[in-house]
Amino acid sequence: MRAQLARVDAVLVQALIAAALSFAHIHDIASAAGQDGWKAWAYPVSVDLLLVAAWRRLRSGEAKASGWCWFVIALAASLGANVATAGLLDLDHVPAWLRILVAGWPAVAFLGGTLLAHSTPTTKPANDTELIEDQENAPEPTPEPPAQPAIEAPPDRPAVPVPTALVDHARKVATEHHTRTGTPIDTPTLRARLGVPAPMAEAIAAQI
């Protein structure tokens, strides 16, 4: 435990020293480019925040291309300020291109931080263990009720044999009825005129 704490303390001390030096260098570049007062101190804060946001995106394992892109941009801004203030740049005569970069950095940092912090995370696929647990916890399917047997239609009534002579006689009776009344003869009347059972009267009516 003590060894782990010692390693953590060393890392924190090193991070604090690097952050303080980086803050000072970026502040000097911003101040030399015309950003004075609190604005000069806001530049190193935005650079470090963009680095942290990009690192968190890389650690999450989502959209690594975007994370690496913004991490490299923020790292280049930090390292560029460190190298520029190491005697390679005359802070009393800052070139125009550096003033343009310093003036445009807040918009770049805002865009990168917004994309890294507010982009929609992708849904990770479930592993085999989660799939097995979901299958075990899933409710058992309700058995479907047995299919009801189809109701058979009643058998058709067997056809009643009708003599041909009786059919001819029925036609004459039907013609006489139509001539006398002006309406076709119905089955009950035909049955009464012929004196036959109802099934035979229906069979005769179907043939005339």
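Atom set for the values below is all heavy atoms of this structure, side chains included, hydrogens, waters and symmetry mates excluded.
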Are the side chains of Trp70 and Val108 in touch, meaning some heavy atoms are under 4.5 Å apart?
yes

Check whether Val47 and Ile100 end up in the same hydrophobic cluster, where Ile, Leu, Val, Met, Phe, Trp and Tyr are linked by side-chain heavy atoms less than 4.5 Å apart.
no

Do Asp48 and Leu51 come close enough that some side-chain heavy atom pair is under 4.5 Å?
yes

Compare every heavy atom of Ala174 with every heavy atom of Ile185, then report the nearest pair and how far apart it is.
CG2-CB, 3.6 Å

Please list, chain by chain and in numerical order, all residues satisfying side chain to side chain donor-acceptor pair (under 3.5 Å) with Thr179, sequence neighbours excluded.
none

By side chain to side chain donor-acceptor pair (under 3.5 Å), Arg171 pairs with (sequence neighbours left out) Asp168

Please examine the side chains of Trp68 and Phe71, heavy atoms only from C-beta on, and report whether any two atoms are closer than 4.5 Å.
yes

State, to 0.1 Å, how close Trp105 and Ser46 come at their nearest heavy-atom pair, and which atoms those are.
NE1-OG, 2.8 Å

Does Phe110 belong to the same Ile/Leu/Val/Met/Phe/Trp/Tyr cluster as Leu50, with side-chain heavy atoms less than 4.5 Å apart forming each link?
no

Would you indicate whether Arg180, at its atom CZ, is surrounded by more than 12 heavy atoms from other residues, nucleotides or ligands within a distance under 6.0 Å?
yes

If hydrophobic clusters are built from ILVMFWY residues whose side chains come within less than 4.5 Å, do Leu58 and Leu79 share one?
yes

pair Ile29-Gln35: side-chain heavy atoms closer than 4.5 Å
no

Path from Val167 to Leu194 over hydrophobic side-chain contacts below 4.5 Å:
yes

Counting only heavy atoms not in Arg99 (residues, nucleotides, ligands), do more than 12 fall under 6.0 Å from its CZ?
yes

Side-chain heavy atoms under 4.5 angstrom apart, residues restricted to Ile, Leu, Val, Met, Phe, Trp, Tyr: same cluster for Val102 and Trp97?
yes

Any pair counted as side chain to side chain donor-acceptor pair (under 3.5 Å), so long as it reaches residues 186-198, sequence neighbours left out
Glu176-Arg193, Asp186-Thr189

